[in-house]
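The next block holds one structure in the form of structure tokens; read it before the comments.
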Amino acid sequence: MVLARTLSSAEPEEGCALLLGRGDGAGLALVESWPCLNRWQPAGERHRRFSLDPREQLLAQRWARARGLQVIGTAHSHPTSAAVPSATDLALCWGPTLMLIRSGLEPVDGRADRGGANGMAATGTEGVRAWWIPGEGAGAPRELPIAVAKPARAGPGPPRPAGAGPFGLGE
């Protein structure tokens with residue numbers, strides 16, 4: 001999964017991205033990921049914290065809207081801990097939203113046939129877990145299953161910031 005590689009490429013800092021897709025009553029479909037730079041201040045804490053640049057968020061929202069998509073959540077990495085929302089993640093999160101977390105404790109290359117807590121075999125999703133964050137006072141985070149499908153692309157993906165890795169899933 002390109003998203004997992006994108007998030008792990010920021011190590012030892014936390015990597016982060018916006019998730020662009022479609023949502024309806026039946027579920028969420030992640031179509032594109034929009035890698036972002038970790039702007040957490042002070043910079044020395046980026047190994048355990050992340051913050052998205054508001055300008056990147058606006059660019060991603062505009063790009064998504066022009067293609068009939070919306071921002072459906074965020075993704076980030078935990079370089080040295082499990083792919084479970086931390087107390088800080090939950091305190092700083094605005095729900096309801098989707099949150100994908102990549103643990104640095106798992107391989108990225110898809111060669112380890114371990115399967116994760118969500119029952120995935122070696123599909124490139126090792127160490128990535130999906131969480132539904134219902135919002136303040138609406139209950140606890142709920143883990144969601146991950147299904148990976150190769151998207152059909154009608155055109156080029158989002159513009160890439162200088163030095164950013166590839167975008168999308170299943171490529």
Side-chain angles (χ1 to χ4, degrees), residues 1-21 23 27-53 56-57 60 71-150 164-171:
M1 177 191 293
V2 171
L3 178 59
R5 290 191 305 267
T6 299
L7 294 174
S8 66
S9 70
E11 289 178 6
E13 294 181 355
E14 287 197 7
C16 50
L18 289 167
L19 305 174
L20 310 177
L28 297 171
L30 174 59
V31 177
E32 295 284 347
S33 60
W34 183 285
C36 298
L37 295 173
N38 184 347
R39 297 292 190 192
W40 185 268
Q41 291 299 325
E45 294 182 8
R46 291 181 185 162
H47 66 284
R48 60 187 178 88
R49 301 279 186 267
F50 81 98
S51 177
L52 301 171
D53 185 328
E56 285 185 295
Q57 292 179 52
V71 176
I72 60 173
T74 62
H76 70 282
S77 60
H78 286 179
T80 60
S81 63
V84 176
S86 68
T88 301
D89 290 338
L90 296 174
L92 298 178
C93 177
W94 290 85
T97 191
L98 174 66
M99 182 184 291
L100 294 183
I101 304 175
R102 158 96 178 81
S103 172
L105 304 176
E106 296 285 334
V108 176
D109 60 15
R111 285 184 276 166
D113 190 20
R114 293 192 227 186
N118 56 17
M120 300 301 293
T123 60
T125 62
E126 290 79 14
V128 177
R129 293 171 72 181
W131 299 90
W132 180 250
I133 312 299
E136 189 175 341
R142 181 171 49 98
E143 187 169 9
L144 302 174
I146 298 174
V148 178
K150 185 171 179 111
F167 291 72
L169 296 174
E171 297 176 332

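Computed from a prediction, not measured in an experiment: that's the story for all the values here.
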Below 4.5 Å, heavy atoms only, C-beta onward: do Gln57 and Val71 meet side chain to side chain?
no
Please identify each residue that fulfils side chain to side chain donor-acceptor pair (under 3.5 Å) with Ser9, with sequence neighbours left out.
none
Ser77 side chain to Pro79 main-chain N or O, any donor-acceptor pair under 3.5 Å?
no
Can you name the side-chain contact (heavy atoms from CB on, under 4.5 Å) partners of Leu28, sequence neighbours left out?
Ile72, Leu98, Trp132
In terms of heavy-atom contacts, Leu20 and Trp34 come closest through CD1-CE3, 4.1 Å
Which residues share a ring-ring contact (aromatic ring centres under 6.0 Å, His included) with His78, sequence neighbours left out
His76
Could you measure the distance from the CZ atom of Phe50 to the CG atom of Asp89? Nearest 0.5 Å is fine.
6.5 Å
Which pair of non-hydrogen atoms, one from Leu3 and one from Ala17, has the smallest distance, and what is that distance?
CD1-CB, 4.0 Å
Does Ile101 reach the side chain of Pro85, with side-chain heavy atoms less than 4.5 Å apart?
yes
Hey, are the side chains of Pro141 and Met99 touching, using non-hydrogen atoms and a 4.5 Å cut-off?
no
Partner set under side-chain contact (heavy atoms from CB on, under 4.5 Å) for Ala10, not counting sequence neighbours:
none
Quick check: closest heavy atoms across Ser8 and Arg102, and the distance to 0.1 Å?
CB-NE, 4.1 Å
Can you sort out the partners of Thr80 under side-chain contact (heavy atoms from CB on, under 4.5 Å), two or more places apart, ordered by chain and number?
none
Quick check: do Gln41 and Arg46 have side-chain heavy atoms less than 4.5 Å from each other?
yes
Taking side chain to side chain donor-acceptor pair (under 3.5 Å) as the test, write out the residues that go with Asn38, two or more places apart.
none
What residues form a side chain to side chain donor-acceptor pair (under 3.5 Å) with Trp40, not counting sequence neighbours?
Glu45
So which atom in Cys93 and which in Ile133 form the shortest heavy-atom distance, rounded to 0.1 Å?
SG-CG2, 3.8 Å
Nearest heavy-atom neighbours spanning Glu56 and Leu18
O-CD1, 4.3 Å
If you take all heavy atoms of Ser81 and Ser103, which pair is closest and at what distance?
O-OG, 2.8 Å
